[in-house]
Amino acid sequence: MLRRPEQAEDAAQEVFLRAYRAFDSYDPSQPFSRWIMTIAARHCVDVVRRRSKERELFADEQAETPDRETEADPTVGPLLSAENARDVKAAVDALPDKYRVPLLLAYYNEASYDEIAASLGITRNHVGILLLRGKRALRAALAATERENMR
């Protein structure tokens, strides 16, 4: 969700700290993995929102900073070749946050529409619309990449 390994490492540390502080709220009758993933998803959504606000405030500074190349994401799955995995990761990373975050929550974190809606503070129907539009944008980006590769 955060696009960069350094940010993911920082987020992981923050999530474990938050989980430790909130451990009294954990319900042992519920799966621990779901509880910790909810904390992680909410934290990452907060980081993405904060980053968006910072981008708006400091747009000129970010235009001067070159973006590093991203490598293939090993979590994409063994069915994709390394080249296809790079294309998919690049296409997902290029999506606007409003589409990328719900897609990552739904497909990488296996969150339900209700969980995504709660994490993002939107309605369940809005989640469906964002996922639909995100998948369309992803398909279009992958089709464009495929056309470029055929040239």
Shared ILVMFWY cluster between Leu17 and Val47, side chains joined below 4.5 angstrom? no

Return the CD1 to OH distance between Ile39 and Tyr20, rounded to the nearest 0.5 Å. 14.0 Å

For Arg136, salt bridge (Lys or Arg N to Asp or Glu O under 4.0 Å) partners two or more places apart: none

Could you tell me which residues satisfy side chain to side chain donor-acceptor pair (under 3.5 Å) with Glu14, sequence neighbours excluded, listed by chain and number? Arg18

Contact summary for Asp87 and Leu142, nearest pair of heavy atoms: O-CD2, 3.7 Å

Nearest 0.5 angstrom please: Leu130 CG to Lys135 NZ, how far? 11.5 Å

How close do Ala118 and Arg42 get, heavy atom to heavy atom, and via which atoms? CB-NH2, 4.5 Å

Do Glu115 and Arg34 touch side chain to side chain, with heavy atoms closer than 4.5 Å? yes

Same apolar cluster (I L V M F W Y, side chains within < 4.5 Å links), Val101/Leu138: yes

Is there a path of hydrophobic side-chain contacts, each under 4.5 Å between heavy atoms, that joins Tyr113 and Leu132? no

Partners of Asp27 by salt bridge (Lys or Arg N to Asp or Glu O under 4.0 Å), sequence neighbours excluded? none

Taking all non-hydrogen atoms of both residues, which atom of Ala40 and which atom of Val15 are closest, and how far apart? CA-CG2, 3.5 Å

So, taking the atom named CD1 in Ile129 and the one named OG1 in Thr123, what distance separates them when rounded to the nearest 0.5 Å? 7.0 Å

Just verifying a value: how many Å separate Asp97 CG and Leu104 CG, rounded to the nearest 0.5 Å? 9.5 Å

Return the minimal non-hydrogen interatomic distance between Ala106 and Leu131, and the atom names on each side. CB-CD2, 4.0 Å

Side-chain heavy atoms under 4.5 angstrom apart, residues restricted to Ile, Leu, Val, Met, Phe, Trp, Tyr: same cluster for Val45 and Ile122? yes

According to salt bridge (Lys or Arg N to Asp or Glu O under 4.0 Å), who are the partners of Glu9, at least two apart in sequence or on a separate chain? none

Check against side chain to side chain contact (heavy atoms under 4.5 Å, CB included), Leu103 and Leu95: CA-CA 10 Å; Leu103 281 171; Leu95 288 174; 3.5 Å; yes

Can you measure from CG (Leu105) to CG (Leu120) and round to the nearest 0.5 angstrom? 6.0 Å

Phe32: what forms a ring pair (Phe, Tyr, Trp, His ring centres under 6.0 Å) with it, not counting sequence neighbours? Tyr26, Trp35

Tell me, please, which residues at least two apart from Asn125 pass side chain to side chain donor-acceptor pair (under 3.5 Å). none

To the nearest 0.5 Å, tell me how far Glu146 CD sits from Arg139 CZ. 14.0 Å

